[in-house]
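Here's the structure, in structure tokens; my notes come after.
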2 protein chains.
Amino acid sequence: MSRNLAQADEPPVLDYETGAAMAPAEHAAELRLWLRLLTCSTMIEGEIRRRLRERFDVTLPRFDLMAQLARAPQGLTLSELSQRMMVSNGNVTGLVERLVESGHLSRRKSAHDRRSHLVALTPQGREAFRAMAVEHEAWIADFFGDLDASEIDGLMALLGKAKASTRRAVSAGIARPEEEDREDNP
Amino acid sequence: MSRNLAQADEPPVLDYETGAAMAPAEHAAELRLWLRLLTCSTMIEGEIRRRLRERFDVTLPRFDLMAQLARAPQGLTLSELSQRMMVSNGNVTGLVERLVESGHLSRRKSAHDRRSHLVALTPQGREAFRAMAVEHEAWIADFFGDLDASEIDGLMALLGKAKASTRRAVSAGIARPEEEDREDNP
DNA sequence: CCGGTTTGTTTTAAGCTTCAAATATTCAGG
DNA sequence: CCTGAATATTTGAAGCTTAAAACAAACCGG
């Protein structure tokens, strides 16, 4: 696990500087929303991590990587893996190395591009993942077990909107590589 | 950043084993919801992490720890910090060590319990955090900028329900410390 | 075809994170 | 008071993660 401003449980919202009860600040609602979102994903992620270790002696990053390969039977390059997992290239290098070592993954040179390597699940890797995926899906269903179908749909839709909004905000911040004194770009 | 089954963008949902389009499986909706929740928090967290580094040369865990102390001006013990941050004790030990080293935190022995130590922000730490918190709040507001007030409220409520549901599921899994042959417990 | 840019990967250094074991201290009964 | 259980913290090993630097190979425009 790790992570952030999330609270084990929400105490009254306090002002950062004084610790006093916060006056109706500018964006308190958004801040509270972020903390709650973070609490949810941290709790779920931590429990998945714990159960994967306990039941299968596997780490979450390795499970994630295998999950990506499970839906790409033809294999993926390291770059494709890092994009899909939203982690750095160097990170994937190490994960793949350990999973090849443990026999879950195979790795071969790409036929068309001598720079890249194709990675895929071995038969053992595929079978190990299948077993984990079955339980994993049941865990998730249990975590959201108190929500009915319409609530799940509602969450999906609102999170979809939040995702699009965040993507917009993040993109807007890129494209200006940190120079501040140039004349020839918007 | 890090993290999980989240996708850079949702491809068609595929079956784990075959990679074929997934038949209406038992709990596909819950799984998709989890992936989307994870994508949202991963995107936001990663961007916050990036901006904190870029603007203030500080890591997210350090910011989080300072945020906890900012709302507890009297100081906290290491255990209290680890509970509130939902991370391990050993993790806090290291973070505090580095933040004391950098002058942001003070640390003194507890008067009543010789085992524990009280940690608090120094004046410099408090001022540094104040500056970061101002921008941080604006970033969050921007990330959720495309959601109106009722959508934010709706998300808060649904995430609150998801949080309670997860807590219920996680609690139900505890209390049986791994023995499987006992007669005297439910 | 050449030279500059982009892309795929690895490496390194630093830091984060967990779990489990080890210490030290306090607490609760008897 | 003594002993065993609980609490607060630290340490160590292993693994995850990133950013940045370094390469190698591919691509592209002239």
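In what follows, every chain begins at residue 1, and chains take the letters A, B, ... in the order their sequences are listed. For clarity, every value in this text was computed on a predicted model and none was experimentally measured.
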Kindly say if [X] contacts the phosphate of [N], meaning a side-chain N or O under 4.0 Å from OP1 or OP2.
{"X": "A/S110", "N": "C/dG8", "result": "no"}
{"X": "A/R98", "N": "D/dC16", "result": "yes"}
{"X": "B/R114", "N": "C/dT26", "result": "yes"}

Whole-Å distance between [N] [atom2] and [X] [atom1]?
{"X": "B/D57", "N": "D/dA20", "atom1": "CG", "atom2": "P", "result": "10 Å"}
{"X": "B/R53", "N": "D/dT18", "atom1": "CZ", "atom2": "P", "result": "10 Å"}
{"X": "A/F63", "N": "D/dC16", "atom1": "CZ", "atom2": "P", "result": "15 Å"}
{"X": "B/R49", "N": "C/dG15", "atom1": "CZ", "atom2": "C1'", "result": "11 Å"}
{"X": "B/M85", "N": "C/dC16", "atom1": "CE", "atom2": "C1'", "result": "11 Å"}
{"X": "B/K109", "N": "C/dA24", "atom1": "NZ", "atom2": "P", "result": "14 Å"}
{"X": "A/L81", "N": "D/dT17", "atom1": "CG", "atom2": "P", "result": "13 Å"}
{"X": "B/R62", "N": "C/dT17", "atom1": "CZ", "atom2": "P", "result": "11 Å"}

Are B/L33 and A/D153 close enough that some pair of their side-chain heavy atoms sits under 4.5 Å apart?
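The answer is no, as the side chains (C-beta and beyond) never meet within the 4.5 Å cut-off.
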If the threshold is 4.0 Å, N to carboxylate O, is there a salt bridge linking [X] and [Y]?
{"X": "B/E47", "Y": "B/R50", "result": "yes"}
{"X": "B/D146", "Y": "A/K161", "result": "no"}
{"X": "B/E127", "Y": "B/R130", "result": "yes"}

Angle between terminal axes - the helix from C/dC1-D/dG30 to C/dG30-D/dC1, 5 pairs each end, rounded to 10°
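Rounded to the nearest 10 degrees, the bend comes out at 30°.
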Do A/I152 and B/L158 belong together in a cluster built from hydrophobic side chains that touch within less than 4.5 Å?
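Yes; tracing contacts between hydrophobic side chains, which count when under 4.5 Å, links both residues.
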Mapping A/L95 and A/H112 to their closest nucleotides on DNA chain D, which lands nearer the 5' end?
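Result of the comparison: A/L95.
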Do B/S110 and B/H112 pass the side chain to side chain donor-acceptor pair (under 3.5 Å) test, and can you show the C-alpha distance, the side-chain angles, and the key distance before you say yes or no?
CA-CA 6 Å; B/S110 164; B/H112 306 302; over 6 Å; no
Option passing side-chain contact (heavy atoms from CB on, under 4.5 Å) with B/V96 (candidates B/T93, B/L99, B/V100)
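Result for side-chain contact (heavy atoms from CB on, under 4.5 Å) with B/V96: B/V100.
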Hey, is CD on A/E101 packed in by over 12 heavy atoms from elsewhere, all under 6.0 Å?
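Atom CD in A/E101 is not packed in, count stays at 12 or less.
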Heavy atoms under 4.0 Å is the rule here; annotate nucleotides 6-12 of chain D 5' to 3' with B where the base is hit, S where only the sugar-phosphate is, and - elsewhere.
-BSBBB-
Are the aromatic rings of B/F129 and B/F63 close, with centres under 6.0 Å apart?
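Yes, close enough.
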